[in-house]
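Before any comments, here is the structure.
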Amino acid sequence: MDKTPDEYRSRHYPIQEDMRAQRVEWVLQRSGNWLLYVIVVIALLGGFSDGWLSETSKANAQGTLTVEYQRFLRSESDEPFTLRIKGEPDKPVTVRLAGDFMDKFVIQTLRPQPLVTHSSTHEISLTFPATKTGEHAVWLMTQPQTAGLFTSQIALEGADAVTLKQWVYP
């Protein structure tokens, strides 16, 4: 004798039902609900933009340049970068931005303004005035112009570059 409760059996009257297909649909519905919950949690943690999963910083081997940035960006939205520089006291510092940074981003604001700016095909060099301690902070507000995986290099003159890998959502 079948021990399946009556409400889980396929019927032919008053309408024809296929309970096996119905159970598959219920499983897919529950799975879809869990998938949506996971997406919301990832979004809240910063997996699609600003947040704990996205915020990071990276320094060069010498420790003279630290870049604070977001791993995950949105195309055509304002995205901040902070450069923390430890240069020599009473000497100007030159920062070079290259790679996808110059080809796929638009610099909206740059604070403080550099003394000298020099650009070439795929890079820009910014020279900032000397400070008594040699420490500088540079704030850039940028805007990625397309979606995809970007690789950029930011370097101090005479030091190793910091390579950034960022994912830009459409």
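As the structure is a computational prediction, the values presented were derived from the model and not from experiment.
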**Residues Phe101, Phe81; criterion ring-ring contact (aromatic ring centres under 6.0 Å, His included); working and verdict** = CA-CA 11 Å; Phe101 198 93; Phe81 288 82; 5.1 Å; yes
**Request:** Find out whether Asp50 and Glu79 are in side-chain contact, i.e. whether some heavy atom of one side chain is under 4.5 Å from a heavy atom of the other.
**Result:** yes
**Prompt:** Hey, are the side chains of Pro114 and Thr127 touching, using non-hydrogen atoms and a 4.5 Å cut-off?
**Reply:** no
**Prompt:** Can Leu35 be reached from Ile42 by stepping across I, L, V, M, F, W or Y side chains whose heavy atoms are under 4.5 Å apart?
**Reply:** yes
**Message:** Assess, by modelled atom type and distance only, whether the side chains of Ser54 and Gln70 contain a donor and an acceptor separated by less than 3.5 Å.
**Reply:** yes
**Request:** State, to 0.1 Å, how close Pro144 and Ser77 come at their nearest heavy-atom pair, and which atoms those are.
**Result:** CD-O, 3.3 Å
**Asked** Does a side-chain heavy-atom distance below 4.5 Å link Phe150 with Val168?
**Response** yes
**Asked** Among the clusters formed by ILVMFWY side chains lying less than 4.5 Å apart, do Tyr169 and Val38 turn up in the same one?
**Response** yes
**Asked** Are the charged groups of Glu157 and Arg96 less than 4.0 angstrom apart, N to O?
**Response** no
**Request:** Report yes or no: do Leu156 and Ile124 belong to one cluster of Ile/Leu/Val/Met/Phe/Trp/Tyr joined by side chain heavy-atom distances under 4.5 Å?
**Result:** yes
**Message:** Using side chain to side chain contact (heavy atoms under 4.5 Å, CB included), reason through Val106 and Gln145 one step at a time and then give a plain yes or no.
**Reply:** CA-CA 7 Å; Val106 171; Gln145 297 301 296; 3.6 Å; yes
**Request:** Would you check if Trp167 and Phe72 make a side-chain contact, meaning some heavy-atom pair closer than 4.5 Å?
**Result:** yes
**Asked** At what distance, to the nearest 0.5 angstrom, does CE of Met102 lie from NE2 of His122?
**Response** 11.0 Å
**Common cluster, Leu53/Tyr69, ILVMFWY with side-chain heavy-atom separation under 4.5 Å** = no
**Message:** Do Glu123 and Thr121 pair up side chain to side chain, a donor and an acceptor below 3.5 Å, judged on atom types alone?
**Reply:** no
**Request:** Indicate, with yes or no, if Leu28 and Leu36 share a hydrophobic cluster defined by side-chain heavy-atom contacts under 4.5 Å among Ile, Leu, Val, Met, Phe, Trp and Tyr.
**Result:** no
**Message:** Are the side chains of Lys58 and Thr66 in contact, using a 4.5 Å heavy-atom criterion?
**Reply:** no
**Prompt:** Is it true that a side-chain atom of Asn60 and a backbone atom of Gly63 form a donor plus acceptor pair closer than 3.5 Å?
**Reply:** yes
**Prompt:** Going by distance alone, is a donor N or O of one side chain under 3.5 Å from an acceptor N or O of the other, for Thr151 and Lys165?
**Reply:** yes
**Request:** For residues Thr82 and Val67, determine if any side-chain heavy atom of one lies less than 4.5 Å from a side-chain heavy atom of the other.
**Result:** no
**Prompt:** Do the side chains of Leu110 and Leu126 get nearer than 4.5 Å, heavy atoms only?
**Reply:** yes
**Asked** Quick one: are Gln143 and Gln108 in side-chain contact, heavy atoms under 4.5 Å?
**Response** yes
